[in-house]
Amino acid sequence: MLKQEIEDGQATLADPAFRADVLNGLAARPRAIPARWFYDRRGSELFEEITALPEYYPTRTETALLRSVAGEVAARAGPGRAVVEFGAGSAAKTPILLGAAAPAAYVPIDISGDFLRHSARALAQAFPGLPVHPVEADFLRPVPLPDAVAGLAKLGFFPGSTIGNMNAWAAVDLLRAMRGWLGEGAMLLIGMDRVKPLDVLIPAYDDAAGVTAAFNLNLLHRINRELGGTIPADAFAHRAIWNADAARIEMHLEALRDVAFTVDGRPFAMAAGETIHTENSHKYGPNGARMLLRAGGWTPVAEWTDPKDWFALILCEA
Ligand code: AVI
């Protein structure tokens, strides 16, 4: 979620990084735009809808798993830590961890100030007496933690398999950065989605109600709104495919006919069948997950999965 959202119909200045990623991504071969740009206000709403879809198993599977293992996480981490969540906090998952962990403070980190303040207020009400220190920051850049938690050991919380939206090298960089921010004696509880049968994976990213398609296509609407684009969104279709070599779901926007359009005054043409690659969602086997975490400087000390082995929560030590 980004600050440069359209507020009540009034366009704010486009983020220069958005402009650069879109113009470079459309000029590149293969064409690709980073998934982080999905999350304007509409995109964030659509993502919330996705998490409640019958086909989208990750959110409800991870939530149920967390409910069943939160006590054990708390016992291993011990009380009195600062829980540092990467992302503004999920209404469903965060209270489960905070309720079990008896933390001394809670630090949610998110790029969207509005979303962050809203969820921080709700959690402060649900946990009266728990100091909540929201940090408005993009955790893909260095994140200074508040002085108020400087003396506390940290428990990082990175649910949702958001790590899966990064390529391995970016994931390792982020894990290493988290280790540095969280400091000596830190622990990390991370959610990682498992490799599983395609008849489960594909519908999760191409649901019958078309919500994921709308989420993907919203990127084109956002480009048109914020960058003065003329992309005919109705000439594109959502595609979700499994890339077996890379063990990931890929989302693409496929041109259904030859199209020509401009973005920020720059002309582009795409032939029917060409795609813009918009997201990777990596899935991990147990060994791949542990290897990634170790490469990121973390030692897995406990791991839990649901009965179908669809989703893993992994607790690590720095
Ligand atoms: C945020 N992220 C973990 C989601 C995922 O499953 O990769 C984003 C998403 N894309 C389509 N559906 C959900």
Side-chain angles (χ1 to χ4, degrees), residues 1-2 32-63 65-66 85-94 108-112 115 119 138-140 157-168 170-171 174-175 189-198 200-220 222 236-243 246-254 275-284 288-289 292 306 310-314:
M1 279 133 294
L2 294 162
I33 298 174
R36 62 192 294 246
W37 301 115
F38 279 142
Y39 299 94
D40 65 351
R41 180 183 292 180
R42 182 70 190 131
S44 301
E45 286 167 3
L46 287 164
F47 179 65
E48 282 308 306
E49 274 185 53
I50 287 172
T51 63
L53 288 169
E55 296 96 330
Y56 193 74
Y57 61 86
T59 308
R60 62 170 182 280
T61 308
E62 186 184 36
T63 304
L65 181 59
L66 182 60
E85 181 162 4
F86 297 92
S90 134
K93 290 173 226 172
T94 310
I109 303 170
D110 198 272
I111 196 168
S112 163
F115 192 58
S119 77
D138 178 357
F139 56 72
L140 297 180
F157 185 39
F158 194 30
S161 203
T162 302
I163 193 87
N165 295 131
M166 293 167 196
N167 289 320
L174 178 61
L175 289 164
L189 180 65
I190 186 167
M192 297 177 82
D193 200 7
R194 288 285 209 229
V195 176
K196 61 183 61 61
L198 291 192
V200 178
L201 274 175
I202 297 290
Y205 291 83
D206 194 4
D207 57 283
V211 182
T212 311
F215 174 70
N216 199 3
L217 286 159
N218 179 59
L219 180 63
L220 301 181
R222 180 176 189 189
F236 285 83
H238 166 66
R239 299 283 180 245
I241 58 170
W242 174 246
N243 178 333
R248 68 190 186 204
I249 290 282
E250 294 181 2
M251 297 209 316
H252 293 254
L253 289 163
E254 181 183 332
T275 76
I276 307 169
H277 185 171
T278 51
E279 186 179 62
N280 291 319
S281 193
H282 292 86
K283 311 300 170 189
Y284 306 91
L292 188 79
D306 56 288
W310 279 4
F311 201 96
L313 275 169
I314 304 175

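Quick note: residue numbers are just sequence positions, from 1. These figures come from a predicted structure and were not determined experimentally. Both counts, for ligands and for their atoms, begin at 1 and track the order of listing.
The contact set between ligand 1 and Ser161, taken as ligand atoms under 4.0 Å from a residue heavy atom, comprises 3 (C). Every atom of ligand 1 is numbered from 1 in the order shown, and the set under 4.0 Å from a heavy atom of Gly160 is 3 (C).
Only side-chain heavy atoms of Tyr205 come within less than 4.0 Å of ligand 1; its backbone N, CA, C and O stay farther off.
Side chain of His277 to backbone of Ala32: no donor-acceptor contact under 3.5 angstrom is found. When atom types are taken as modelled, the side chain of Asp306 and the backbone of Phe311 share a donor-acceptor pair closer than 3.5 angstrom. Looking only at distances, no side-chain donor or acceptor of Thr275 sits under 3.5 Å from a matching main-chain atom of Glu254. Counting only distance, with no hydrogens or angles, the side chain of His252 and the backbone of His238 share no donor-acceptor pair below 3.5 Å.
Summary of contacts: the protein heavy atom closest to atom 7 (O) of ligand 1 is Ser281 OG, 2.6 Å. Residue, atom and distance of the protein heavy atom nearest to atom 1 (C) of ligand 1 are Asn165 OD1, 3.3 Å. Tyr56 OH, 3.4 Å is the protein heavy atom nearest to atom 4 (C) of ligand 1. The nearest heavy-atom contact from the protein to atom 10 (N) of ligand 1 is Glu279 OE1, 2.7 Å.
Defined by atom type and a distance below 3.5 Å, a donor-acceptor pair is missing between the side-chain atoms of Tyr56 and Thr51. Looking only at atom types and distance, the side chain of Thr278 has a donor-acceptor partner in the side chain of Asn216 under 3.5 Å away.
Using a 4.0 angstrom heavy-atom cutoff, Pro58 does not count as in contact with ligand 1. Contact analysis puts Tyr39 in contact with ligand 1, with a non-hydrogen atom separation below 4.0 angstrom. Distances shorter than 4.0 angstrom do not occur between any heavy atom of Gly164 and any atom of ligand 1. Within the structure, ligand 1 lacks Phe38 among the residues with a heavy atom less than 4.0 angstrom away.
Two residues are said to be in side-chain contact when any heavy atoms from C-beta on lie closer than 4.5 Å; Arg194 and Lys283 fail this criterion.
Using a 4.0 Å cut-off between charged nitrogen and carboxylate oxygen, Arg36 and Asp138 count as a salt-bridge pair.
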